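Labels below follow one simple rule: chain letters A, B, ... track the order of the sequence lines, proteins then strands, and each chain is numbered from 1. The model shown is predicted, which means the values in this text are computed figures rather than measured ones.
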There are 2 protein chains.
Amino acid sequence: MKEESRKDEIINTAAKLFKEKGYSAVTMRDIATAMGIKAASLYNHISSKQEILKEIIISLAEEFTQGMEFIKSSNFSSIEKLKKIVSLHISITSQNTYGMASLNNDWMHLEEQLPYYLKLRSNYENEFRKILKEGIKKNEIANSDVEVMLFSMLSTLRSLYIWIPKKEDLNSEELSNNLSHVLINGINK
Amino acid sequence: MKEESRKDEIINTAAKLFKEKGYSAVTMRDIATAMGIKAASLYNHISSKQEILKEIIISLAEEFTQGMEFIKSSNFSSIEKLKKIVSLHISITSQNTYGMASLNNDWMHLEEQLPYYLKLRSNYENEFRKILKEGIKKNEIANSDVEVMLFSMLSTLRSLYIWIPKKEDLNSEELSNNLSHVLINGINK
DNA sequence: ATATTTAACTAACACTTGTTAGTTTGCTTG
DNA sequence: CAAGCAAACTAACAAGTGTTAGTTAAATAT
């Protein structure tokens, strides 16, 4: 029961193609061909193209929600919490770079699940924002524009899916330390 | 001759739709309907859907190339050059957020123009990288991993198109200062 | 006034899309 | 061996795709 099901194979194959061309440009025939079968055969395992997208995106969004929940309820310092967020993004992204591309680029093609996804996303951003504000109040974080700091960090973390696959010899911990350092201390001497 | 031509109207309307749903999900009928005409009428002004995408992306990519060329050949300090790059991104993006969405998300659907676009992009990244390396050599910039710094800054700058439209009362200069400060000094106290 | 241009229209095309129905194949289990 | 099942297949569909051809109406230039 723990081995990868045929459905999972379809989802992973699709995610790979979605990353290259986007959800709308990938046809069911593309997915089927990549698996060496015919398009109609896909429907023995999944109910629609939509379902594939939903499975890719929602499971990832829930992983992030869970990770943030854990960090929130910890008693790390604000800076330590931010470092944990960096680790969270690197960990999830390096395990599923294809899916992360869909999460970032194809979320608007969710249909019934779109409101749920948007709720998870704005909750996540709100928790992130709270950590920054708390850090400023506690004098751990510079009193710069919170929205600018949030935007800058989140943009970088959300783009990891583009960048991680280019680094063949990825050491997650080292990357996490380097990236945390740059995000927290900037590039200044 | 300086007023917006019908072709430009089509390109701008298309860019807006491309931002919302992506190039592949937008049909010629969608573009036409948004302009209050029929799809076939578009072809009095443009030769293909492809051409619309090309016009949007290539002109923006060339603007960036030109801006970088200017910064490169200036004799600002490395940090000042980076601040100019931040300004460049904010300026181009706030003038054309729709187009910037296509540049970021739909470039892979360029066909004949794809190699040219990729060349411009990698040249741009190389010049950016050179500025960082020069800054490290001159002891203006911290000796952190150059690729991590480059990735972090570029990710943030490339995501501006998502964020700028949310700020209704945009003061470009103030944003430029705030963002430069965060990118250069980080968020640390 | 006539000729020309601009920019819209209708109608249609060949092809591609997601999906369904019904069937066949080959493995697993009693 | 027979039955059941998982997972492939072929064939077809209705709707939607980008695009072309030919036409028409209004604005502009001669």
Side-chain angles (χ1 to χ4, degrees), chain A residues 1-58 98 102 105-114, chain B residues 1-58 98 102 105-114:
Chain A
M1 297 273 176
K2 275 296 170 60
E3 60 200 73
E4 192 182 52
S5 69
R6 202 80 174 113
K7 179 171 176 175
D8 291 336
E9 284 182 54
I10 292 173
I11 289 168
N12 291 334
T13 304
K16 193 169 186 168
L17 295 173
F18 292 169
K19 183 185 176 190
E20 286 164 20
K21 319 201 299 177
Y23 174 76
S24 304
V26 174
T27 70
M28 296 302 278
R29 285 164 181 83
D30 289 337
I31 299 168
T33 301
M35 297 189 67
I37 61 177
K38 293 296 163 72
S41 305
L42 295 170
Y43 290 84
N44 285 318
H45 308 280
I46 49 105
S47 67
S48 66
K49 191 186 176 189
Q50 263 295 304
E51 191 203 354
I52 300 176
L53 186 67
K54 182 197 82 188
E55 296 279 355
I56 293 171
I57 293 182
I58 298 297
Y98 303 139
S102 282
N105 303 322
D106 294 322
W107 57 266
M108 69 285 271
H109 298 114
L110 288 171
E111 292 172 4
E112 306 96 290
Q113 305 278 344
L114 181 57
Chain B
M1 297 273 176
K2 273 298 169 59
E3 62 201 71
E4 194 184 52
S5 69
R6 202 81 174 112
K7 178 170 175 175
D8 291 335
E9 284 181 54
I10 292 173
I11 289 168
N12 291 333
T13 304
K16 193 168 186 169
L17 296 174
F18 292 170
K19 183 185 177 190
E20 286 163 21
K21 319 200 299 175
Y23 174 76
S24 303
V26 174
T27 70
M28 295 303 278
R29 285 162 181 85
D30 289 337
I31 299 169
T33 302
M35 298 189 67
I37 60 176
K38 294 296 165 70
S41 306
L42 295 169
Y43 289 84
N44 285 318
H45 309 279
I46 49 103
S47 67
S48 66
K49 190 186 176 190
Q50 262 295 302
E51 192 203 353
I52 300 176
L53 187 67
K54 181 197 82 187
E55 297 279 356
I56 294 171
I57 293 181
I58 298 297
Y98 304 138
S102 282
N105 303 322
D106 295 322
W107 59 266
M108 70 284 273
H109 299 114
L110 289 170
E111 291 172 4
E112 305 97 290
Q113 305 277 345
L114 181 56

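- Scanning DNA chain C 5' to 3' for nucleotides with an atom closer than 4.0 angstrom to a non-hydrogen atom of chain A gives a first and last hit of dT17(C) to dA21(C).
- Among the atoms of the strands shown, base atoms are found under 4.0 Å from some heavy atom of R29(A).
- M28(A) CE to S41(A) OG: the interatomic distance, rounded to the nearest 0.5 Å, is 10.5 Å.
- Residue I46(B) holds its CD1 atom at 8.5 Å from CD1 of I11(B), rounded to the nearest 0.5 Å.
- Less than 4.0 Å separates DNA chain C from at least one heavy atom of each of the following residues of residues 37-47 of chain B: I37(B), K38(B), A40(B), S41(B), N44(B), H45(B).
- The only option from T27(A), I31(A), N12(A), T33(A) that meets the side-chain contact (heavy atoms from CB on, under 4.5 Å) definition with L17(A) turns out to be I31(A).
- For the pair E51(B) CD and dG18(D) P, the interatomic distance rounds to 15 Å; values are reported in whole Å.
- Rounding to the nearest 0.5 Å gives a distance of 15.0 Å between CD of Q113(B) and CH2 of W107(B).
- Using a 4.5 Å heavy-atom cutoff, the side chains of K7(B) and E51(B) are in contact.
- Remark: P of dG18(D) and CD of Q50(B) are 12 Å apart, rounded to the nearest angstrom.
- Taking all atoms of both residues into account, the shortest heavy-atom contact from M35(A) to E9(A) is CE-CB, 3.9 Å.
- In this model, a donor atom of one side chain and an acceptor atom of the other lie less than 3.5 Å apart for D8(B) and S5(B).
- K54(B) contributes atom NZ, which lies 11.5 Å from atom CD1 of I57(B) (distance to the nearest 0.5 angstrom).
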